Amino acid sequence: QVQLVESGGGLVQAGGSLRLSCAASGRTFSSYTMSWFRQAPGKVREFVGRSSSSGDRTYYADSVKGRFTIARDNAENTVYLQMNSLKPEDTAIYYCAAGQYYAGPNSDDYNYWGQGTQVTVSS
């Protein structure tokens with residue numbers, strides 16, 4: 001069982017940066033694939049990126065590749081999403097999610113979700 005809490009969202013101008021944090025509690029955090037998703041009003045939840053359980057492999061959606069970076073600190077039970085060169089279309093609620101080793105870019109793969117943190121990018 002994993003509990004997740006996101007933080008770090010806010011209002012930023014286009015071109016700016018934010019770093020989101022996801023603090024996890026649970027017995028076996030290091031065994032989970034950890035991902036970030038986002039959901040804009042009226043849109044489906046979409047995959048942003050994920051980190052393998054060991055943190056040695058990361059994957060990103062094409063829409064954020066080169067701008068966003070996931071870092072994972074298993075010792076601190078925390079995963080981060082560094083967001084640079086933000087665009088208005090990045091505006092969404094961002095969610096941290098934990099899934100089994102096989103979890104990929106589909107939201108249905110994930111068992112545990114945080115409450116979300118709002119990111120708003122102004123033009």
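All heavy atoms count here, side chains included; hydrogens, waters and symmetry mates do not. Each residue takes its place number in the sequence, starting with 1. Predicted model, so just to flag it, every value in this text is computed and none were measured.
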Common cluster, W113/Y32, ILVMFWY with side-chain heavy-atom separation under 4.5 Å:
no
On a heavy-atom basis, which atom in L81 and which in F68 lie closest, and how many Å separate them?
CD1-CB, 4.1 Å
When you check the side-chain N and O atoms of S25 and Q3, is any donor under 3.5 Å from an acceptor?
yes
Restricting to non-hydrogen atoms, name the atom on F47 and the atom on S35 that form the minimum distance, rounded to 0.1 Å.
CE1-OG, 4.0 Å
If you define the side chain from C-beta out and look only at heavy atoms, does anything of M83 sit under 4.5 Å from V119?
yes
Classify the ring geometry of F37 against Y110: parallel below 30°, tilted from 30° to 60°, perpendicular beyond 60°.
perpendicular
Can any side-chain N or O of R67 pair as donor or acceptor with the backbone N or O of S63 at less than 3.5 Å?
yes
If we count only N and O atoms by modelled type, under 3.5 Å, do the side chains of Y94 and R38 hold a donor and an acceptor together?
yes
Value rounded to 0.5 Å, distance of CD in E6 from CD1 in I93
10.0 Å
Taking the six-membered ring of Y95 as reference, does the cationic atom of R45 (NZ for Lys, CZ for Arg) lie under 6.0 Å from its centre and within 45° of its axis?
yes
Can you list the steps and then say if C96 with M34 is a side chain to side chain contact (heavy atoms under 4.5 Å, CB included)?
CA-CA 7 Å; C96 180; M34 300 295 298; 3.5 Å; yes
To the closest 0.5 Å, what do you measure between CZ (R72) and OG1 (T58)?
11.5 Å
Could you tell me which non-hydrogen atom of L18 sits nearest to which non-hydrogen atom of L86, and how far apart they are?
N-CD1, 3.9 Å
State, to 0.1 Å, how close P88 and A14 come at their nearest heavy-atom pair, and which atoms those are.
CD-CB, 4.1 Å
Nearest 0.5 Å please: distance from the OG1 atom of T91 over to the NZ atom of K43.
10.5 Å
Just by modelled atom types, is the E76 backbone N or O under 3.5 Å from a matching donor or acceptor in the D73 side chain?
yes
Do you know the tightest heavy-atom contact between V79 and W36?
O-CZ2, 3.7 Å
Is there a side chain to side chain contact (heavy atoms under 4.5 Å, CB included) between Y80 and S21 once you walk through the steps?
CA-CA 5 Å; Y80 304 93; S21 298; 3.3 Å; yes
Determine, stepwise, if the pair V5 / Q115 fulfils side chain to side chain contact (heavy atoms under 4.5 Å, CB included).
CA-CA 6 Å; V5 179; Q115 85 286 355; 3.8 Å; yes
Salt bridge between K87 and D90, side-chain N to carboxylate O under 4.0 Å?
no
Please report the shortest heavy-atom distance between A103 and R50, naming the atom on each side.
O-NE, 3.6 Å
I'd like to know if the side chain of S17 pairs up with that of N84 as donor and acceptor (distance under 3.5 Å, no hydrogens or angles considered).
yes
Could you check whether any side-chain heavy atom of C22 comes within less than 4.5 Å of a side-chain heavy atom of L4, counting everything from C-beta outward?
yes
